[in-house]
Amino acid sequence: MFIDSHCHLNFPELAENLEEILANMRQNEVSHALCVGVNLENFAQILDLAEQHGQIFASVGVHPDHELDAEPTREQLVQMAQHPKVIAIGETGLDYFRLSGDLEWQRERFRTHIRAARTCRKPLIVHTREAATDTLLIMGEEGAEQVGGVMHCFTESMEIAQAAMAMNFYISFSGIVTFKNAHTLKEVARQIPLDRILIETDAPYLAPVPYRGKLNQPAYVKHVAEELARLRGIPLQEIAHSTTENFHRLFKTG
Ligand SMILES: [Zn+2]
Ligand SMILES: [Zn+2]
């Protein structure tokens, strides 16, 4: 069985076909999916999905790209994370690719999430894009290693992966690792210890080959696992087993 450690099932393009998407998960041996929060406004939708479906977990956070969304306080995040199906804080982090200018608010928001995670003792889901140095710096300053978490949709170097793993973080690969031109990332995917790897779709975005450019869904996480198995020269079952065990260990869902 496989687990999609990061998707956005509440986004309308997926939510409107939820039954079909859940059926596809079953057919492709995807046992669970973590539906990741990107704002406070839609948190109730995510909680609803998680309450109605045993195979869906939830997280709470405000995405670093969402400049105009309501700013969360540490107390709010902690309070919203009390629900037993909420297994992580995020997604949070830094994104210097999508936004520019004075991004001090983004760094402050990231700090707030790490403090909340430490208070409620839940792991973090970290998004980083063209901001790896600052991301690691803030993780270090705020004591993110006390709760650990996952570097989601990882596209950075082995050095960045190592620094994150030293702070108790896991490395999650998305459909990007299946893209033909992702040479550097494929090399990183060969080297990360098996007990630190997670897999994800980030659906509805980033569909893996052979669905590249189409609407993504959790069932396709199997293609990410297949690519990892191919790159490492090990059986698919071994990737399935390790990534599932890693997910349950990190998020205490086992
Ligand atoms: Zn992200
Ligand atoms: Zn995401």
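Values below: all heavy atoms of this structure, side chains included; hydrogens, waters and symmetry mates excluded.
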Undergrad: Will you find, in the side chains of D202 and H8, an N or O donor that is under 3.5 Å from an N or O acceptor?
TA: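 There is such a pair (donor and acceptor under 3.5 Å, judged by atom type) between the side chains of D202 and H8.
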Undergrad: For the CG atom of D48 and the CG atom of N10, what is their distance to the nearest 0.5 Å?
TA: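 D48 CG to N10 CG: 10.5 Å, rounded to 0.5 Å.
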Undergrad: Can you give me the closest heavy-atom contact between A219 and N28, atom names plus distance?
TA: CB-ND2, 3.7 Å
Undergrad: To the nearest 0.5 angstrom, please state how far the OG1 atom of T184 sits from the CD atom of E156.
TA: 11.0 Å
Undergrad: So F2 and L236, side-chain contact (heavy atoms from CB on, under 4.5 Å) or not? Walk me through it.
TA: CA-CA 10 Å; F2 305 93; L236 181 60; 4.0 Å; yes
Undergrad: Per the ring pair (Phe, Tyr, Trp, His ring centres under 6.0 Å) rule, what does the pair list look like for residues 134-173, sequence neighbours excluded?
TA: H6-H152, H127-H152
Undergrad: Has the side chain of R232 got a donor or acceptor atom that lies under 3.5 Å from a matching backbone atom of A189?
TA: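 At least one qualifying donor-acceptor pair exists.
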Undergrad: Would you say I176 ends up clustered with L228 if hydrophobic residues are merged whenever their side chains have heavy atoms under 4.5 Å apart, either directly or through other cluster members?
TA: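 Yes, it is one cluster - the side chains of L228 and I176 are joined through contacts under 4.5 Å.
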Undergrad: Is the shortest side-chain heavy-atom distance between P72 and H113 below 4.5 Å?
TA: yes
Undergrad: How close do L198 and S5 get, heavy atom to heavy atom, and via which atoms?
TA: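 Reported closest heavy-atom pair: CB-OG, 4.0 Å.
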Undergrad: Using every non-hydrogen atom in the two residues, find where I192 and A161 come nearest and quote the distance to one decimal.
TA: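 Minimum heavy-atom separation between I192 and A161: CD1-CB, 3.6 Å.
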Undergrad: Are I160 and F97 linked, directly or through intermediate hydrophobic residues, by side-chain heavy-atom contacts shorter than 4.5 Å (ILVMFWY only)?
TA: no
Undergrad: Measure up the H223 and Y220 rings against each other and bin them: parallel (under 30°), tilted (30 to 60°), perpendicular (over 60°).
TA: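 Perpendicular.
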Undergrad: Are L185 and I171 connected into the same hydrophobic cluster when the rule is that any two of I, L, V, M, F, W, Y join if their side-chain heavy atoms are below 4.5 Å apart?
TA: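 Cluster IDs for I171 and L185 match.
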Undergrad: For the CE atom of M139 and the CG atom of N168, what is their distance to the nearest 0.5 Å?
TA: 9.5 Å
Undergrad: Give a yes or no answer on whether the side chain of N42 reaches the backbone of Q45 with a donor-acceptor pair at less than 3.5 Å.
TA: no
Undergrad: Mind listing the closest non-hydrogen atom pair of F43 and S59 along with its distance?
TA: CE1-O, 3.9 Å
Undergrad: Report the distance from atom CD of E91 to atom NE2 of H63, rounding to the nearest 0.5 Å.
TA: 3.5 Å
Undergrad: Please determine, by modelled atom types, if E51 and H83 share a side-chain donor-acceptor pair under 3.5 angstrom.
TA: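 Looking only at side-chain atoms, H83 and E51 do form a donor-acceptor pair, the distance falling under 3.5 Å.
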Undergrad: Distance-only, no hydrogens or angles: does the D69 side chain make a donor-acceptor pair with backbone N or O of N39 under 3.5 Å?
TA: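 No; zero donor-acceptor contacts below 3.5 Å.
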Undergrad: To the nearest 0.5 Å, what is the distance between CH2 on W105 and CG on L103?
TA: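 Between atom CH2 of W105 and atom CG of L103 there are 6.5 Å.
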Undergrad: One thing to verify: whether K186 and E227 come together as a salt bridge, which I'm taking to mean a side-chain N less than 4.0 angstrom from a carboxylate O.
TA: yes
Undergrad: Keeping R118 on the side-chain end and E142 on the backbone end, is there a donor-acceptor pair under 3.5 Å?
TA: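 Answer holds: yes.
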Undergrad: State, yes or no, whether a side-chain contact exists between I3 and F251 at a heavy-atom distance under 4.5 Å.
TA: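 Result no, sub-4.5 Å side-chain heavy-atom pair not found.
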Undergrad: Report yes if the side chains of S242 and I197 come closer than 4.5 Å at any heavy-atom pair, otherwise no.
TA: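 The answer is no, as the side chains (C-beta and beyond) never meet within the 4.5 Å cut-off.
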Undergrad: Under the side-chain contact (heavy atoms from CB on, under 4.5 Å) criterion, do T112 and V62 qualify, and how do the steps go?
TA: CA-CA 10 Å; T112 300; V62 181; over 6 Å; no
Undergrad: Is D95 reaching over with its side chain to a backbone N or O of P64, donor-acceptor style, under 3.5 angstrom?
TA: no
Undergrad: Any heavy-atom pair between the side chains of Q106 and Y96 that's under 4.5 Å?
TA: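 In short, these two side chains touch, coming nearer than 4.5 Å.
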Undergrad: Does the side chain of V209 reach to within under 4.5 Å of the side chain of K180, using non-hydrogen atoms?
TA: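 V209 does not reach K180 side chain to side chain.
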Undergrad: Are any non-hydrogen side-chain atoms of E226 and P208 less than 4.5 angstrom apart?
TA: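 E226 vs P208: side chains apart.
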Undergrad: Given side chains that start at C-beta, do those of L94 and I138 come closer than 4.5 Å, heavy atoms only?
TA: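 Side chain of L94 against side chain of I138, heavy atoms only: contact under 4.5 Å found.
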Undergrad: Looking only at atom types and distance, does a side-chain atom of K85 sit under 3.5 Å from a main-chain N or O of H53, one as donor and one as acceptor?
TA: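 Yes, K85 side chain to H53 backbone: donor-acceptor pair under 3.5 Å.
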Undergrad: Within the structure provided, determine whether N246 and R196 are in side-chain contact (heavy-atom separation under 4.5 Å).
TA: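 Result no, sub-4.5 Å side-chain heavy-atom pair not found.
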Undergrad: Among the clusters formed by ILVMFWY side chains lying less than 4.5 Å apart, do L250 and I56 turn up in the same one?
TA: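 No, it is not one cluster - the side chains of L250 and I56 are not joined through contacts under 4.5 Å.
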Undergrad: Got a second to check how far R98's CZ is from E67's CD, nearest 0.5 Å?
TA: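 The CD atom of E67 is 13.5 Å from CZ of R98, to the nearest 0.5 Å.
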Undergrad: Identify the heavy atoms of V86 and A81 that sit nearest to each other, and give their distance.
TA: CG1-CA, 3.7 Å
Undergrad: Identify the two heavy atoms, one from L40 and one from V60, that lie closest to each other, and give their separation to 0.1 Å.
TA: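 Reported closest heavy-atom pair: CD2-CG2, 4.2 Å.
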Undergrad: Does a sphere of radius 6.0 Å around CD in E41 hold more than 12 heavy atoms from other residues, nucleotides or ligands, not counting ones at 6.0 Å or beyond?
TA: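 Open.
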Undergrad: Stepwise, does the side-chain contact (heavy atoms from CB on, under 4.5 Å) test hold for D4 with M25?
TA: CA-CA 10 Å; D4 182 358; M25 280 173 63; over 6 Å; no
Undergrad: Under a 4.5 Å side-chain heavy-atom rule over Ile, Leu, Val, Met, Phe, Trp and Tyr, are V78 and V36 clustered together?
TA: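 No, V78 does not connect to V36 through the hydrophobic network.
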Undergrad: Answer yes if the side chains of E187 and Q191 hold a donor-acceptor pair under 3.5 Å, and no otherwise.
TA: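 Indeed, the side chains of E187 and Q191 share at least one donor-acceptor pair under 3.5 Å.
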Undergrad: Tell me if the CZ atom of R190 is crowded by more than 12 foreign heavy atoms within 6.0 Å.
TA: yes
Undergrad: Please walk me through it: do H241 and E238 pass side-chain contact (heavy atoms from CB on, under 4.5 Å)?
TA: CA-CA 5 Å; H241 176 79; E238 211 175 312; 5.8 Å; no
